[in-house]
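First up is the structure itself, then whatever we jot down about it.
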Amino acid sequence: MVWKEILIRYGELSTKGKNKMDFVRRLRQNIRYSCADLPPLTIRTEHDRMFIAIDSEEMKEELVKRLPHVFGIQSFSPVASCEKDMEQMKMLAKYVLKQYEDTTYTFKVEVKRTDKKFPLQSHAIQREIGGTVLSTYQNLKVQMRKPALELRIEVRLDAVYMMAEVIQGAGGMPIGSNGRSLLMLSGGIDSPVAGYLMMKRGVRIDAIHFFSPPYTSENSLEKVRDLAKELTKFGANVRLHIIPFTEIQLKIKEEVPENISMTTTRRMMMRVADKVREEISALAIVTGESLGQVASQTLDSLTAINAVTTTPILRPLISYDKLEIIDIAERIGTYETSIRPYEDCCTIFTPANPKTKPKLDKVEHFEEKTDYETLINRAVTNREIHVYPEKQKEDKFASLL
Ligand code: ATP
Ligand code: MG
């Protein structure tokens, strides 16, 4: 067994000064969380990097699969190790570079010699190992400035360490380092992407979904549950609040003229969301809205919706084109679930010609006819709450919620 550890580089975290310890602690916690079903990890933290000990080839493979999803990691590298002996070092160098044997790469060897008693100097080590490697892999071409591939060798006091592969991390910040927000999660393509982008910036997510049985089916609800589950793969649990919305929607249909009913529906959703947000001590509400995409997403409509609260409403997709959103959805693996057919509570009640410039005073006038506050409180009280991932992890990580 030559693989010894995985080296993790933090990237953006390194610049965070006094909050850095908190970020590093969270990153460590989130890495453990995403590997909760593996044997417990041994993690060592240094100034600006972190090391996870590995004790088998399978464990290395498993981490290489999972770490790219954990926010806060800029890049990482599997590190191999051997004794301080030139013959062993040559063999290890060939082993570490084996995966690159099929393609032409520019290449160099970089040596750091911390153990000053090692008989060969850095330059000599570089030459000898370089010679061996180049005669074995003729596809490698030496280039000292910015080569595509770099074999880094460190001769430390205890052993020799080598790495070549640099795997891209997800970037961003560890989830939890930027507080909690409530994501309005429909069954569409946009809202899971909005949730992902906020999680990437370190925000812990609760999700809220409005459903209107019998107008929306159990299948649509199942789909939203699956989307919430998919968001957990980025390294944090997600709590889903399911709001019974039929009563409010029927009331709106009865009382509000059709062409502004969409605005009132959105405003009521926002009021319900804001109450749930307060109960769970979240600081903001996140939506998947994108400017101009539909009638309820014009600046006039968004202004009328915002008017029900002073809570910050974060719309990470506001400037994205639909194709850009689809691109991210495909990359993060939510697209396939999002395009499953479903009925959204809004589309079912959608009027033929919703106003793109709803007049706030008119909207408020029609809302005054009904005691929505009572209906909203009832919907909040009667909500169902699910936590993902389900069971074992839920108990084990309750303290992280
Ligand atoms: P999406 O693909 O996210 O469904 P969309 O383009 O279909 O977006 P709308 O249906 O107008 O847009 O919804 C805009 C935003 O409002 C959604 O991104 C989501 O944040 C929120 N939303 C809409 N319907 C619901 C719902 N049933 N439950 C929770 N949030 C919702
Ligand atoms: Mg939708």
Side-chain angles (χ1 to χ4, degrees), residues 181-198 205-213 215-228 230-231 238-246 248-249 252 261-277 284-298 301-302 304-306 308 311 313-330 332 334-351 354-356 358 379-380 383-384 386:
S181 289
L182 181 62
L183 167 69
M184 295 176 67
L185 184 64
S186 66
I189 296 167
D190 306 334
S191 43
V193 173
Y196 160 82
L197 289 175
M198 294 315 298
I205 291 290
D206 269 42
I208 184 170
H209 177 71
F210 298 85
F211 89 128
S212 299
Y215 305 99
T216 56
S217 67
E218 196 49 41
N219 282 350
S220 348
L221 199 55
E222 192 57 37
K223 179 180 177 186
V224 172
R225 290 203 195 103
D226 286 345
L227 286 171
E230 268 162 42
L231 289 177
V238 171
R239 214 163 24 178
L240 173 65
H241 305 257
I242 300 172
I243 305 282
F245 201 51
T246 317
I248 294 176
Q249 285 209 285
I252 295 172
S261 64
M262 187 50 131
T263 308
T264 295
T265 306
R266 295 289 178 193
R267 282 160 58 88
M268 294 310 148
M269 279 187 169
M270 199 52 84
R271 283 172 65 178
V272 171
D274 207 26
K275 281 206 196 292
V276 172
R277 177 205 61 78
I285 293 171
V286 178
T287 79
E289 286 156 321
S290 159
L291 194 60
Q293 203 184 76
V294 285
S296 62
Q297 298 177 26
T298 61
S301 289
L302 296 178
I305 298 166
N306 275 26
V308 299
T311 298
I313 301 171
L314 308 177
R315 299 179 166 101
L317 300 178
I318 199 71
S319 67
Y320 282 50
D321 296 348
K322 193 75 188 187
L323 287 178
E324 292 173 312
I325 300 171
I326 290 175
D327 226 39
I328 303 178
E330 282 178 332
I332 66 173
T334 54
Y335 185 70
E336 285 304 314
T337 311
S338 286
I339 58 172
R340 262 158 44 191
Y342 84 115
E343 324 81 36
D344 187 50
C345 64
C346 301
T347 34
I348 282 165
F349 289 89
T350 299
K355 279 235 177 291
T356 53
V380 170
R383 75 186 189 274
E384 247 180 62
H386 296 255

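All ligand and atom numbering here is 1-based and tracks the order in the structure.
With a 4.0 Å heavy-atom cut-off, ligand 1 is reached by no atom of L183. Only the side chain of V294 comes within 4.0 Å of ligand 1, counting heavy atoms alone; its backbone N, CA, C and O stay farther away.
Taking the charged nitrogens against the carboxylate oxygens, R277 and D206 have no contact shorter than 4.0 Å, which rules out a salt bridge.
Using modelled atom types, no side-chain atom of H386 and backbone atom of L240 make a donor-acceptor pair closer than 3.5 Å. Remark: the backbone N or O of R340 is paired with a side-chain donor or acceptor of K223 at under 3.5 angstrom.
The M269 neighbourhood of ligand 1 comprises atoms 24 (N), 25 (C), 26 (C), with distances under 4.0 Å to a heavy atom of that residue. Taking every non-hydrogen atom of T287 and a distance limit under 4.0 Å, the qualifying atoms of ligand 1 come out as 20 (O). Listed by number with element, the atoms of ligand 1 under 4.0 Å from a non-hydrogen atom of Q297 are 9 (P), 11 (O), 12 (O), 13 (O), 14 (C). Counting the atoms of ligand 1 from 1 in the order shown, those under 4.0 Å from a heavy atom of I208 are 29 (C).
Across R266, Q293, M184, heavy-atom proximity to atom 10 (O) of ligand 1 is greatest for R266. Residue nearest to atom 25 (C) of ligand 1, selected from G288, S186, G188: S186 (by heavy-atom distance). In this structure, of D190, V286, L185, the residue bringing a heavy atom nearest to atom 29 (C) of ligand 1 is L185.
Atom-to-atom distance recorded for R271:CZ and I248:CD1 is 8.5 Å, nearest 0.5 angstrom. Interatomic distance, OG1 of T265 versus CZ of F210, reported as 11.0 Å (0.5 Å rounding).
Side chains of T337 and D226: no donor on one and acceptor on the other come within 3.5 Å.
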